[in-house]
Amino acid sequence: MRISLRLKLTLLSLLLLLIPLIGFRFIAMLQTNLLASQEDALMFTAKAVATSLGDRPKLFASELVHSENKNRDLYLFSLSNSIRLNGKVDDWQPELSQSEQFGAEHLLYAHDSYNPDSLSFKHMVGKRGKYLYGLFLVRDDRVIYRTKDSFYPTRADHIQIGIQDKPSLVRRYIIATDKPGWVNGFLMSSDPDELIPMGNESRIQGIWTETDEGYVVEMRMPLSMIGKRLSFAVADVDNDVTYRVETLIGTANPEHSGELGWLLEPSKHIEKLLEKLDLPHSRIRVLDQKGQVRARFGKLQEEGSHKTFLHGVFDPIYRLFTETFTENFTETKQAKTLDIKGIEEGLQGHSNITHYQLPDVTVEVMAAITPLFDGDRVVGAVVVEQTTNSILALKNRMIEESIGFTVLTFILVGAGLLLFASRISSRIRRLRDQAKNAISKDGRIVSTIHSVSARDEIGDLTRTLATMLNQLQEQNEYRETMADNLEHEMRTPLAGISASLKNLEKEWEAPDKKIQDYIKWALADVQRMESLLTAIRDATSLQESLKQGFTDTFDLGKAITIWLEQGWRGSYPEVLFMFEPPDVECTLHGDPDRLRQMIEKLIDNAVSFHLPNTPVILTLEKQKQSLKLEICNQGPIIATEMQGQIFNSMVSLRGGKKSSPHLGLGLYIVRSIAQYHGGTVRVTNMEGGKSGVCFEIVLPQ
């Protein structure tokens, strides 16, 4: 990964953050110690509360803490909202979410096998003001109403109520109706066999509403009617001929006075005892053996911390290192049961500390749980809870103060380093861009690097590169003109040598065979030198020849096919040429002879370097506004640093002795012809695990 100088200096400035990070380590240790101290304090408080309550055995009896029949007992909620008897349940929230589902496990009677689709319901009771309210959400596959003139309310779907009033007398009531609407209770005889009501009970009031799944009953009665025992049951009648009760489901059978359940609610006496402890920002809950909340006092809400102006400025930075938590949250009004980790252990007699998250908010609560004993018997548990907000707030405040001073220092130092790095980086980028633009893709030097007057390392590097580039330009120009000068300077003496050898051969009447061979070899070498000079002349006069050449519009794909068949395959019979003309017409305007010469040079180059028994592949592709021709052969690759240089004059990668002359002018001619036609040429090494090269020529249409 490439990392710029500016980024390196910026990262170096981050070392300043070691200062607060070291502080963070000590703050984390302080947080751990504070949490441990808070746990110890909570556990001490929980045990103190449990000890205080354990010294009052009569209190447990009077508050029904010993009640153990979970299916029979009813939990009395303190309703948050005023209840309107209208058949709608929205005003029963939020307590409605804790209502209990009644089904097979609450079956009191069934004439045949119980069918859950026939009868089930959700039920809860609560108090508001001077009234006890009850809600029944009944699922009944067939609702049967009593006939209007019937004296038997039990011959229809109905609700049975069993009450032990304050004089400890058990009374039975039934709620039934002949149609949906307002309902009152019927007072029934204490004899279960007596089915005719003793009279109406106007104090039991309600509304009966029919639904798609059954019906809803909302009812209320004065709390003065009720003692400490209460039970409800829903009876299902499905046959409007026999009017027989098929199923009875409820908390207890109201017809049997000994089966009535206890009416449980948070204990006012225990809550008054908890109030005397006066623990700020703490909540104490007392649970019975079934995990039901029997008393609660206190709240978890704490005062919000004061935010300074500096906090508002650096808040995005603070969030990276501090722990977020919800300062203002709404506590649940009440819960029937408390189901958190550690409750089961506490009810089994083992004290423990647990942590849990409040729902829907980012608040962690620490809870100390200790068993509540009545003598040697565990009758419940005491739970003392506090949030960790105060510790987190202290930790965050210490971190924020450390970050505040560090950030100010970091901004000043970092800004200086960043400005310095930007200046250096911009100079280096400018030098990079000049060096990049100085050399074209085909290796030609097209511009220069401007010298600077700065007296530092970057200035020295700029001047050195400028000098080096100028020298390289001079060498390239000398190499390109050297061929022309060489051809002019060598042709005259070479002609003299050739003439002298021919004259010597004519005037020497009877030379020895060895002398004849020497003369023959010398003439052959002279002929070779003349071929080289001819090649040099062709290369140096190429630009003038191109200007005088003949141009035409022709199909390059068809032309390559003809050139292959009539020339190259015959010239190189041992080489396999592969070429598939494109399906579309590849028209091109240019000099056909020079374009053939260009491709012929590349064919000769590919044949010279290809591996035996491997093909030379020609590919012609029509692009949007150009034609791309590729000539590939398997063989040795070209070093990356030479891929732009091999198109220069007098550069050759051929090794060993060849029968034909090669002065490194072939690819120079290829580039010159391509540039004359407005195109480009480049070379790349083959991919896909193959060793070889591909020459790519792009010509505009």
Side-chain angles (χ1 to χ4, degrees), residues 64-65 67-81 83 87-110 114-128 131-140 157-164 175 206 208-209 211 213-221 226 228-236 247-254 259-267 285 287-294 296 332-340 343-344 347 359 380:
L64 307 177
V65 177
S67 176
E68 296 179 350
N69 195 327
K70 183 177 180 180
N71 290 332
R72 293 183 181 180
D73 297 340
L74 291 171
Y75 192 86
L76 186 63
F77 290 92
S78 294
L79 299 175
S80 303
N81 303 310
I83 303 299
K88 299 179 181 180
V89 299
D90 53 336
D91 47 4
W92 288 83
Q93 299 290 353
E95 289 76 26
L96 181 60
S97 60
Q98 301 182 65
S99 60
E100 188 174 356
Q101 180 73 35
F102 286 76
E105 64 275 13
H106 301 88
L107 184 65
L108 303 176
Y109 167 80
Y114 170 67
N115 181 8
D117 295 331
S118 177
L119 180 66
S120 63
F121 65 93
K122 293 180 69 174
H123 166 63
M124 68 173 293
V125 291
K127 67 177 182 178
R128 178 82 177 182
Y131 290 94
L132 178 143
Y133 290 86
L135 175 66
F136 300 85
L137 304 176
V138 183
R139 181 180 180 183
D140 190 348
D157 290 334
H158 62 275
I159 297 175
Q160 301 180 9
I161 305 174
I163 298 176
Q164 184 188 65
I175 296 178
W208 185 302
T209 306
T211 65
E213 295 183 345
Y215 57 91
V216 174
V217 174
E218 285 184 289
M219 53 80 61
R220 74 176 183 181
M221 65 181 71
I226 308 169
K228 292 187 176 182
R229 287 181 175 268
L230 178 67
S231 67
F232 292 95
V234 176
D236 182 31
T247 308
L248 184 66
I249 296 177
T251 60
N253 194 337
E259 295 184 4
L260 299 185
W262 295 102
L263 186 60
L264 306 178
E265 62 177 315
S267 170
R285 290 192 271 192
L287 312 180
D288 60 20
Q289 187 63 37
K290 297 184 291 297
Q292 298 180 124
V293 179
R294 304 304 304 277
R296 63 175 64 83
T332 304
K333 294 292 183 180
Q334 57 181 315
K336 177 181 177 181
T337 59
L338 183 60
D339 184 15
I340 61 174
I343 292 296
E344 185 176 352
L347 295 176

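All heavy atoms count here, side chains included; hydrogens, waters and symmetry mates do not. Count residues from 1 along the sequence.
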I need the minimum non-hydrogen distance between E105 and Q101, along with the two atoms involved. OE2-O, 3.8 Å
Geometric class of the F136/H123 ring pair [parallel <30°, tilted 30-60°, perpendicular >60°]: parallel
Are side-chain heavy atoms of I161 and M219 found at a separation under 4.5 Å? yes
Could you walk me through whether L108 and I249 satisfy the side chain to side chain contact (heavy atoms under 4.5 Å, CB included) test, starting with their C-alpha distance in whole Å, then the side-chain angles of each, then the deciding distance to 0.1 Å, before giving a yes or no? CA-CA 5 Å; L108 303 176; I249 296 177; 5.9 Å; no
Side-chain donor or acceptor of R128 paired with backbone N/O of S80 under 3.5 Å: yes
Heavy atoms from other residues, nucleotides or ligands near CD of E344 exceed 12 (cutoff 6.0 Å): no
I159 and F121: CA distance, side-chain angles, deciding distance, side chain to side chain contact (heavy atoms under 4.5 Å, CB included) verdict: CA-CA 12 Å; I159 297 175; F121 65 93; over 6 Å; no
Atom OH of Y114: over 12 foreign heavy atoms under 6.0 Å: yes
Residues passing the side-chain hydrogen bond (donor to acceptor under 3.5 Å, both in side chains) test with S118, sequence neighbours excluded, are D236, D238
Show, in sequence, the C-alpha distance, side-chain angles and deciding distance for M221 and I226, and conclude whether the side chain to side chain contact (heavy atoms under 4.5 Å, CB included) test is met. CA-CA 9 Å; M221 65 181 71; I226 308 169; 3.6 Å; yes
Using the six-membered ring wherever Trp is involved, compare the ring planes of F77 and Y75 and label them parallel, tilted or perpendicular (cut-offs 30° and 60°). perpendicular
Tell me the closest heavy-atom pair linking W208 and I175, and the distance in Å. CZ3-O, 4.0 Å
With sequence neighbours excluded, residues passing side-chain hydrogen bond (donor to acceptor under 3.5 Å, both in side chains) with K127: E265
Report the distance from atom CE of M124 to atom CD of E95, rounding to the nearest 0.5 Å. 6.0 Å
S231 (side chain) donor-acceptor with G261 (main chain) under 3.5 angstrom: no
How close do D157 and D140 get, counting heavy atoms only, and between which atoms? OD2-OD2, 2.9 Å
Enter the distance from L137:CG to L96:CG here, rounded to the nearest 0.5 Å. 6.5 Å
Measure the shortest side-chain to side-chain distance between D90 and N81 over non-hydrogen atoms and say whether it is less than 4.5 angstrom. no
For the residue pair V138 and K122, establish whether any side-chain heavy-atom pair is separated by less than 4.5 Å. no
Contact check, side chains of Q93 and L79, non-hydrogen atoms, under 4.5 Å: no
Could you walk me through whether R139 and D117 pass the side chain to side chain contact (heavy atoms under 4.5 Å, CB included) test, one step at a time? CA-CA 7 Å; R139 181 180 180 183; D117 295 331; 3.6 Å; yes
Considering all heavy atoms, the nearest Y109-L107 contact: O-CD1, 3.4 Å
Distance-only, no hydrogens or angles: does the D73 side chain make a donor-acceptor pair with backbone N or O of W262 under 3.5 Å? yes
Just checking, any donor-acceptor pair under 3.5 angstrom between side chains of E218 and W92? yes
When rounded to the nearest 0.5 angstrom, what is the spacing between CG in L76 and OH in Y133? 12.0 Å
State which residue, out of L264, L287, D288, fulfils the side chain to side chain contact (heavy atoms under 4.5 Å, CB included) condition with V293. L287
List the atom of L74, the atom of L230, and the distance in Å for their closest heavy-atom pair. CD1-O, 3.7 Å
